[in-house]
Trainee: 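A single structure is presented below for examination.
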Amino acid sequence: MTSTAATEQRPRTESGRLNLLGLDAAGLDELLQELDEKPFRSKQLRQWLHQRRVFDFDEMTDLAKGFRGKLVDLAELRVPKAIFDRESADGTRKWLLALESGQAVETVYIPERGRGTLCVSSQVGCALDCGFCSTGKQGFNRNLSAAEIIGQLHYATQALEDEGRERRVTNVVMMGMGEPLANFRNVVAATNLMVDPYAWGLSRRRVTLSTVGLVPALYRLTDVSNISLAVSLHAPNDALRDEIVPINRKYPLRELLPACEHYLGNTPHHCIYWEYVMLDGVNDSDAQARELAALLRHIPSKINLIPFNPFPGTRYEASPRERIHRFADILQNAGFITTIRRTRGQDIDGACGQLVGQVINRRNQGKRGTTSANA
Ligand code: SAH
């Protein structure tokens, strides 16, 4: 087998091979250099893997036989498989995708007029423990590899194509299970492939990373990426955000907001998308809407109000419809473009915050029932 110190360090599949799907342009360039192959092979490979989605090295006829032989020895191509598949009355689709480790994550496809959005997971579980999110309640197990993240796009694209219903993925949101910035390297590699013209070729406006706001990672992201940024705010001040989004105690608003402005100042984007989940009697008053408007007044912003999607055991309740509209009106009158997210896929537990997958919680192993699934 051909390998060097650097290839040894790359994540491998159970068979010990490198899953080539997870290498972005820079990763492939590096590999090619190690294999003593020409740099232009990198583009060819990305086109085979991500555009034509050909997984048999022998079919990659414009690659020299010797090079194909090296790839056969070193690498393989693996896409996660669905072990569960549900379609909502509103057309939203949810797949539970099995990973090699015996765990599973959820991926959701949301068809809308003229576009199709894939909601992609970045971790098995989540360590952040936001009280209103069922993924957080599962605990955390591990980061997904870049191949497992981009593999969700592969799986969904193929599954939709096979069904022949003219559905396809035009947008990706990193809003599934997990905190994308806590799995920085792999999420960056996978999202690079999504916007790479030789791979998935999606516009950077159509690939959105949603984060709770891990400040140091946000600064690092500014240097290596330029996809759209959505930030889960959920409160107009630190006292309340500390309670709803516990990581705020570590990265308070006075640090988070400048990090977001830094992203805007150094990428081609014109605004931050703020997400704000509407929790009855907690963060949804008129005064809180005004406080939110004051907080964001200097930052180019679009605000997306998310109706809370309940799940068993949560202590929160959804704000009434009229409250959400009133809150939106106040923000709109203050000059913010404000939208109310349409709840999709609730009947299949596919809506925001309802994804639980199959997580074996590493933090609590042995303490309580450790496996959870909603399949
Ligand atoms: N960790 C990332 C991505 C997670 S999910 C983040 O926090 O942004 C994407 C969005 O769904 C986030 O804004 C999250 O706060 C929201 N969300 C989580 N649970 C929810 C629920 N039960 N109802 C409505 N929105 C929820």
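Atoms within each ligand, like the ligands themselves, are counted from 1 in listed order. In this text the structure is predicted, and so the values were computed from the model without any measurement.
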Trainee: Distance to 0.1 Å, residue and atom name: give those for the protein heavy atom nearest to atom 5 (S) of ligand 1.
Mentor: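 Its nearest protein heavy-atom neighbour is Met175 O, 3.4 Å.
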Trainee: Hey, are Gln158 and Arg53 close enough side-chain-wise for a donor-acceptor pair under 3.5 Å?
Mentor: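 Yes, because at least one side-chain N or O of Arg53 sits under 3.5 Å from a partner of the opposite role on Gln158.
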Trainee: Any idea which protein heavy atom is nearest atom 10 (C) of ligand 1, and the distance to it?
Mentor: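 The closest heavy atom on the protein side is Glu275 OE2, 3.5 Å.
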Trainee: Can you tell me the protein heavy atom closest to atom 7 (O) of ligand 1 and the distance?
Mentor: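 Nearest protein contact, heavy atoms only, for atom 7 (O) of ligand 1 is Ser232 OG, 3.3 Å.
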Trainee: Heavy-atom contacts under 4.0 Å between Val277 and ligand 1: side chain, backbone, both, or neither?
Mentor: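 The answer is the side chain of Val277.
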Trainee: Answer yes if the side chains of Asp29 and Ser42 hold a donor-acceptor pair under 3.5 Å, and no otherwise.
Mentor: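 Ser42 and Asp29 do have a side-chain donor-acceptor pair below 3.5 Å.
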Trainee: Decide whether Ser301 and Trp274 meet the rule of one side-chain donor and one side-chain acceptor closer than 3.5 Å.
Mentor: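 Trp274 and Ser301 do have a side-chain donor-acceptor pair below 3.5 Å.
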Trainee: State whether a side-chain donor-acceptor pair under 3.5 Å links Asn143 with Gln123.
Mentor: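 Yes - a donor-acceptor pair under 3.5 Å links their side chains.
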Trainee: Just checking, is any N or O donor in the side chain of Thr343 or Gln346 under 3.5 Å from an acceptor N or O on the other one?
Mentor: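 Side-chain D/A pair, Thr343 to Gln346: absent.
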Trainee: Given Ser210, Gly178, Ser134, identify the one with the heavy atom nearest to atom 1 (N) of ligand 1.
Mentor: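 Among Ser210, Gly178, Ser134, the closest heavy atom to atom 1 (N) of ligand 1 belongs to Gly178.
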Trainee: So which heavy atom in the protein is nearest atom 20 (C) of ligand 1, and how far is it from that ligand atom?
Mentor: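 Its nearest protein heavy-atom neighbour is Gly353 CA, 3.3 Å.
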Trainee: Whether the Thr211 and Glu179 side chains hold a donor-acceptor pair (N or O, under 3.5 Å, no angle test) is what I'd like checked.
Mentor: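 Side chains of Thr211 and Glu179: pair found under 3.5 Å.
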Trainee: Would you say the side chains of Ser319 and Asp284 form a donor-acceptor pair under 3.5 Å?
Mentor: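 A donor-acceptor contact under 3.5 Å links the two side chains.
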Trainee: Name the orientation class of the two ring planes belonging to Phe132 and His234 (parallel below 30°, tilted from 30 to 60°, perpendicular beyond 60°).
Mentor: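 Rings of Phe132 and His234: perpendicular, as their planes differ by over 60°.
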Trainee: Take Glu106 and Ser121 through the side chain to side chain donor-acceptor pair (under 3.5 Å) test and state the conclusion after the steps.
Mentor: CA-CA 7 Å; Glu106 292 180 329; Ser121 293; over 6 Å; no
Trainee: So if I count the atoms of ligand 1 from 1 in the order they appear, which ones are less than 4.0 Å from some heavy atom of Ile306?
Mentor: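 Within the 4.0 Å cut-off of Ile306, ligand 1 contributes 13 (O), 24 (C), 25 (N).
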Trainee: Is Pro307 near ligand 1, meaning one of its heavy atoms is under 4.0 Å from it?
Mentor: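 The answer is yes: ligand 1 sits under 4.0 Å from a heavy atom of Pro307.
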Trainee: In terms of atom number and element, which parts of ligand 1 are under 4.0 angstrom from non-hydrogen atoms of Asn309?
Mentor: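 Listed by number with element, the hits are 21 (C), 22 (N), 23 (N), 24 (C).
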Trainee: So which bit of Glu179 gets within less than 4.0 Å of ligand 1, heavy atoms only: side chain, backbone, both or neither?
Mentor: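 The answer is both, backbone and side chain.
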Trainee: Taking non-hydrogen atoms only, is Thr211 closer than 4.0 angstrom to ligand 1 via side chain, backbone, both or neither?
Mentor: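 The answer is the backbone.
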Trainee: Under 4.0 Å from a heavy atom of Cys133: which atoms of ligand 1 are those, numbered in the order shown and with their elements?
Mentor: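 Contacts of ligand 1 toward Cys133, numbered from 1: 18 (C), 19 (N).
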Trainee: Which of parallel (below 30°), tilted (30 to 60°) and perpendicular (above 60°) describes His269 and Tyr263?
Mentor: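 Ring orientation of His269 relative to Tyr263: parallel.
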Trainee: At what distance is the nearest protein heavy atom to atom 11 (O) of ligand 1, and which residue and atom is it?
Mentor: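 For atom 11 (O) of ligand 1, the nearest protein heavy atom comes out as Cys352 CB, 3.7 Å.
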Trainee: Would you check whether His234 reaches within less than 4.0 Å of ligand 1, judged by its heavy atoms?
Mentor: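 Within the 4.0 Å threshold, so yes.
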Trainee: Would one find an N or O of Phe132, backbone or side chain, under 3.5 Å from an N or O of ligand 1?
Mentor: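 Among all N and O atoms of Phe132, at least one is under 3.5 Å from an N or O of ligand 1.
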